[in-house]
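Just below is one structure, and these are the notes that go with it.
Everything numeric here is computed off the predicted structure, so don't read it as measured data.
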Amino acid sequence: MATAALPLPAARAEALVPYRWLILLGLITAAVMEVLDTTIINVALPQMAGNLGATSTEIAWVSTSYILANVVVLPMTAFFTATFGRKRYLTASIVVFIVASFLCGTSGSLGEIVLWRLVQGAGGAALLSTGQATLRQIFPREQQGIVQAIFLLGIVVAPTLGPTLGGYITDNAHWGWCFYINVPIGVVSALLVTTFLDDPPEMRRQRVPVDWAGIALLIAGVGSLQYVLEEGNAHDWFQDDVIWGLSALSAVSLVTLLWWQLSRSNAHPVINLRVLKNRDLSASIFLFVVLGFGLFGGAFLFPLFTQTLLAFTPTETGLALLPGGLATAALAVFCGVMLNGAKPKVDARLLILCGMALMLWSMWDLGHLTTAAGEGDARSALIIRGAALGLLFAPINNVAFGSLKPSEAQQASGLINLARQLGGSFGIAVLGTLLTRRTQLHRADLVANVYAGNPWYEQRSRGLVSGFLARGYDLAEAQLRALKVVEGQVQRQAAMLAYNDCWLYILASFLVVIPAVFLLRKPRGGAAPAEAH
């Protein structure tokens, strides 16, 4: 093993290069598997509810439990890596994920699948943060641009492709295959990691005192916050005593956690928050929260819009998102090439600003669709959105790690992935609430114009009544049916306006954080110095 201060002999370094790329293959398949599971089952939930005898509210816990466990474990991955060793922790996490995936697919009750989804989410945390940190440590600086871009493809593209794959499985097979497909992928990933990844002596199992108070506060604070975000809209937020109580518990726990982790009396904090003193990392985490908001918020909104207003099937919805996913992949690779090498070909901050501009453009287009829209109308906006994500994730990631030490990479990676995940949870919670309330508001405004004497209403009503009379209905029945048709059109238009508001809300969130880009410093070539193992 050698560090940046003690480089490996050239011949030995060359001999290890093929193994690095095989390790990358193992880690990216694990990352794709983990992120895919956050979205692939969303379109299968109705089928699962029917098979398991659960209501639509109860079946939502299949998604909630996974994310809940994931966000609790993510900030602790640095602690687990130090305690058990990087290779051992990664391998165990992959195996736990595989076994939990299989047991999810065989579950015969709601309680059973929620339990295994909790286990799956806990195992999946390392597949992102420890995997990303490992790449920072085993690849040299000049290769970090392209390596991180390839790894980020899984994190960014998988949520977009999830509905496509999930829709196909739901339409053509049993929902259990949404979980079974993880097994062969996970086996390949585990074999590559266990065969080719090796830990230097200082990264093997260490005897680290356990910060039990920090762990308890973290579970209470982040777990309560995630529950509030997932369930708040369904319980009308602070009209519910449980939401009130958990919000208070989350606030108190997180404030206390912050104090305890930074306290001098805590010699071994479970989360090393001192890495946030790095300005580039702090600003990048702020940007990642908004990126998660836009990524997962968009993945939440578009399937709802197409399947409720445009009558798309799950497969059609997934295929509509596919070109945007391909655009993300292409631009992420482009950014990797531009940022690769000791001297990047372009300033990462310029790429970030271009991505922001494209994101604003796409949200503006999506925010002005109508109920007459088809897949073709949304395609260009979704492709622009996909290109924007590709221009944002890799450069922000590059800047975030640009001035960090290799020893800080694991903790930074955990916090970055936590920020992305929490940003997504905030996005789904906020946009879900906004969609409900704006639909009600727009419906009230539209209904105010549905009255006798309004020329539009009179003309439309007479035409509908005449049509129903021509079908053989009597006058009273024809008038009633005409009123129901108008009511349906009003509701549909109100929902369309609400979706437009949601897209514009995402636009506003990106507009607000643009100043954070100017807090970033130009990264040194590639990334932080990496340890070659």
Side-chain angles (χ1 to χ4, degrees), residues 31 35 74 128-129 132-133 135-136 144-160 275-276 278-298 327-340 344-360 362 385-404 408-409 411-424 426-427 506 509-528:
V35 180
L74 267 173
L128 290 180
S129 64
Q132 187 176 31
L135 296 178
R136 287 283 167 189
Q144 286 294 329
I146 191 66
V147 166
Q148 291 296 325
I150 293 172
F151 183 78
L152 286 170
L153 285 179
I155 297 177
V156 181
V157 178
T160 303
V275 297
L276 295 177
N278 184 294
R279 188 180 81 188
D280 296 326
L281 177 61
S282 298
S284 297
I285 286 176
F286 184 60
L287 291 171
F288 267 115
V289 171
V290 177
L291 279 179
F293 187 97
L295 174 64
F296 288 100
T328 300
L331 269 293
V333 172
F334 167 77
C335 289
V337 173
M338 291 294 102
L339 298 174
N340 210 43
K345 302 175 182 63
V346 66
D347 191 331
R349 297 169 298 180
L350 179 60
L351 294 175
I352 295 171
L353 289 174
C354 290
M356 287 286 187
L358 289 179
M359 182 62 75
L360 297 178
S362 66
R385 173 180 174 270
L389 291 172
L391 287 171
L392 288 169
F393 269 87
I396 294 175
N397 188 74
N398 180 271
V399 174
F401 287 95
S403 57
L404 291 175
E408 297 172 326
Q411 188 63 77
S413 181
L415 293 174
I416 284 173
N417 283 287
L418 176 65
R420 177 186 53 81
Q421 192 68 273
L422 284 178
F426 274 109
I506 297 176
S509 69
F510 276 87
L511 195 62
V512 167
V513 301
I514 286 178
V517 179
F518 297 99
L519 295 176
L520 302 173
R521 292 170 293 191
K522 184 176 182 179
R524 295 175 297 171

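Once rounded to the nearest 0.5 Å, the distance linking CG of L392 with CG of L287 reads 8.5 Å. Note that CZ of R521 is 5.5 Å distant from CG of N278, once rounded to the nearest 0.5 Å. Distance check, rounded to the nearest 0.5 Å: CE of M359 to CD1 of I352 gives 13.0 Å. Atoms CD1 and CG, from I416 and L128 in turn, are 12.0 Å apart once rounded to the nearest 0.5 Å.
Between L391 and C335, the closest side-chain pair of non-hydrogen atoms falls below 4.5 Å. Within the 4.5 Å cutoff, the side chain of L331 has heavy atoms near those of the F334 side chain.
Here the closest non-hydrogen pair linking F510 and V290 is CZ-O, 3.7 Å. Shown here for G294 and I506, the closest heavy-atom pair between the two residues is CA-CG2, 4.1 Å. Heavy atoms only, all atoms of each residue included: F286 and A516 are closest at CD2-CB, 3.8 Å. Minimum interatomic distance between A394 and A332 (heavy atoms only, all atoms of both residues): CB-O, 4.5 Å. Heavy-atom minimum distance, L415 versus I285: CB-CD1, 3.9 Å. Annotation for G386 and T328: closest pair O-OG1, 2.7 Å, computed over non-hydrogen atoms.
A donor-acceptor pair is defined here as one N or O able to donate and one able to accept, closer than 3.5 Å; no such pair exists between the side chain of D280 and the backbone of V399. Panel note: side chain R279, backbone L519; a donor-acceptor pair is recorded below 3.5 Å. Remark: the backbone N or O of L520 is paired with a side-chain donor or acceptor of R349 at under 3.5 angstrom.
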Residue pair F288, F393: steps toward the ring pair (Phe, Tyr, Trp, His ring centres under 6.0 Å) verdict
CA-CA 8 Å; F288 267 115; F393 269 87; 5.7 Å; yes

I would like to know whether L422 and V289 meet side chain to side chain contact (heavy atoms under 4.5 Å, CB included); could you show each step before the answer?
CA-CA 7 Å; L422 284 178; V289 171; 5.9 Å; no

